[in-house]
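Take a look at the structure below.
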Amino acid sequence: MDYQLLADLLFPNVTETPADVEAKYPRRELAEGAKVTRFAPSPTGFVHFGGLFPSTIGERLAHQSGGVFYLRIEDTDAKREVDGAAEGLIHTLAHYGIHFDEGAVIGADGTITDKGIYGPYRQSQRGPIYHVFAKQLVSEGKAYPVFTTKEELEALNAVDKKAEIKAKDWHEDQTAQREAMLKAREITIDEVKENLAAGNPFVLRLLADGDPEKKTPFTDLIKGKLEIPENDEDFVLLKSDGIPTYHFAHAVDDHLMGTTHVIRGEEWLPSLAKHIMLFRYLGFRLPKYLHIAQIMRLDENGNKKKLSKRDMGANMDDYSRMGYDPDCVCEYIMTLLNSNYEEWHMQNADKPYTDFPFNIKKMSSSGCLFDFDKLNDVSKNVISRMSAAEVTEKVTAWALQYDPEFGAQLAKDKAFTESIFAIGRGGKKPRKDLATWADAKPYMGFFFDSKQIDAYPEQFKHSDIKAALQGFLATYDEADDMNTWFEKVKAVAREIGYCDDMKAYKQSPESYAGSIADVSMFLRVAVTGKLNAPDLYTVMQILGKSNTVCRIESMIERLD
RNA sequence: GGCCCGUUGGUCAAGCGGUUAAGACACCGCCCUUUCACGGCGGUAACAGCAGUUCGAUUCUGCUACGGGUCACCA
């Protein structure tokens, strides 16, 4: 077989050599140890949690080492592509603080443009580059074409691959595939000419020389030492439309773009042998690999399942809707990525997570379950450290978008709103009431809306409650300091025969009708409408005298 | 079904041949406290199983079980 002739027949228009292409993409000049990483999504939908994970790792590794982090759009499957998905991906990533030095970026006009000299950064625009290397492989006898008629191709595209594969008898199918593959390898120049003349499309397959009985030792930066069987499958390099498969694009692009570390999900582990073979065939140096474990969820039977796009907590845009701050989500991701992050953070509470010395060795090799409890806890901590002004701004912005009525109330008097969020904030032990911005309304909505009122516990006589409320109003003075205010509440308690000292009350609760705690509760419900609320004195101060008195008076009326 | 990866409390996880097997979340109890939140103290709870190597295995090896992934002209 004259391979050069075959190559010319298959790729008559390709005149460049690999060396020509290499010359256009010079090696990056980077400091020792600098890592070049990338995020390479296919634009088939929104960013999901499992995608933010590797991109965070890539961003950290690159930027922490003085390297480059770039975005490459893997749009080699036109059938699955979703309009606008690429733009959405970039926006969502930016929302979570993931910024790219290079690659496909949103230009000033809102459309995607290339930034950097290693482009194009959209694989659909790199066709000619792939063909140069494909031709090279053919000319070396390392790849060969497999023709189909257009009718066969249509039939192929019509079947539901997933369903078909699931129903397969594996053994039988693999034997048949193997036979077909071996037969296809024996194509002759004449057959190629005939097919070409007939206008039949072809796929280009790699001629695999591996023996699966032989294992190649391989070290993955996360999984550690692995043994992978050599590849013996003549996998597809170029699809019949001339577009490369993931495998081929991965090898060519990551080589030309100078990727030093490939970060991807562990579902790629089974095809690693293919990639190793491809890099060898092409004479490329293999990058380092980090195969990260999948994020899991619990299915209805209690089994772990890969967190898929439709699951609760998968779509990153849902987190915005639920009111999670991106900083909180990033923080949570860091705790999942590096087990020592929390410890570091406790000692460096004032530093941003980007100061954390991210370490590949600390990454877990097994998949973790997504845990909202933990996310909420992390969020509460992050938010508790924010200033009242920051919380005000963020809650308002969130509410304006997702709860406009509430948002308008918050925005109406910014200083008032901020004074509410200032309660218990700023000290050594700040309150932790909010995990999400959506928690704000149940927490402090009573400042704006006095219609929701909790019922008083049944054991208290309305006459007592009423007497307490009236007694309080009789001496209430907004100018009182907290101690004076509380002394007055105590006096009210005594007047209605309740104990004004908790220690004494606990000694013999049966001696009293109730305690100072109950009197406080009478007032709290009247003022806030709730059994539980932040410090009552402060609430009254913020609410102001007329509001406070008005609420108590209307409660007195209700009790009549 | 073949191949690959994984398995420490409910969850996330330290550990890297000798430990009373950390810590965080969740849960429970107590304390603080006019409620809540915060904070403090304490508690329940784990090395999947079986062999082997070893003076000694959570740690090394093998097998089994369970879980996950993959086997497309998808990524």
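Letters A, B, ... are given to chains in the order of the sequence lines, protein chains preceding strands, and every chain is numbered from 1. Note that the coordinates shown come from a computational prediction; the quantities given were computed from them, not determined experimentally.
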Just N and O in the side chain of [X]: are any of them under 4.0 Å from OP1 or OP2 of [N]?
X: K432(A); N: G39(B); result: yes
X: K239(A); N: A75(B); result: yes
X: T335(A); N: C12(B); result: no
X: R80(A); N: A75(B); result: no
X: T245(A); N: A72(B); result: no
X: K362(A); N: G15(B); result: yes
X: S364(A); N: A13(B); result: yes

Give a yes-or-no answer on whether the side chains of [X] and [Y] include a donor-acceptor pair shorter than 3.5 Å.
X: E74(A); Y: H250(A); value: no
X: Y537(A); Y: D480(A); value: no
X: Y324(A); Y: N376(A); value: yes

Is Q177(A) touching bases, backbone alone, or none of the nucleic acid, heavy atoms closer than 4.0 Å? sugar-phosphate
Using the side-chain heavy atoms of [X], tell me which of these nucleotides is nearest: [options].
X: L269(A); options: A24(B), C4(B), A37(B); result: C4(B)
X: N532(A); options: A75(B), U35(B), G69(B); result: U35(B)
X: K215(A); options: G6(B), C4(B), C25(B); result: C4(B)
X: P270(A); options: C3(B), C73(B), U70(B); result: U70(B)
X: L369(A); options: A26(B), C73(B), U11(B); result: U11(B)
X: Q174(A); options: U70(B), C5(B), G1(B); result: G1(B)
X: K79(A); options: C74(B), A37(B), G1(B); result: C74(B)
X: K223(A); options: C3(B), C5(B), U70(B); result: C5(B)
X: K429(A); options: C25(B), A75(B), G39(B); result: G39(B)
X: T148(A); options: A75(B), A72(B), C73(B); result: C73(B)

Ring centres under 6.0 angstrom apart (H291(A), F218(A)): no
Just how far, in rounded Å, is C1' of G6(B) from CD of E266(A)? 7 Å
Donor-acceptor contact present, side-chain Y456(A) to main-chain F522(A), <3.5 Å: yes
Any idea which heavy atoms bring F370(A) and I295(A) closest together, and the distance? CB-CG2, 4.2 Å
Please indicate yes or no: is the ring centre of Y246(A) less than 5.5 Å from the centre of the six-membered base ring of C74(B), with the two planes inclined by under 30 degrees? no
Assess whether one donor atom and one acceptor atom, taken from the side chain of R205(A) and the base of C73(B), lie less than 3.5 Å apart. no
Position toward the 5' end of RNA chain B (nearest nucleotide), P534(A) or E227(A): E227(A)
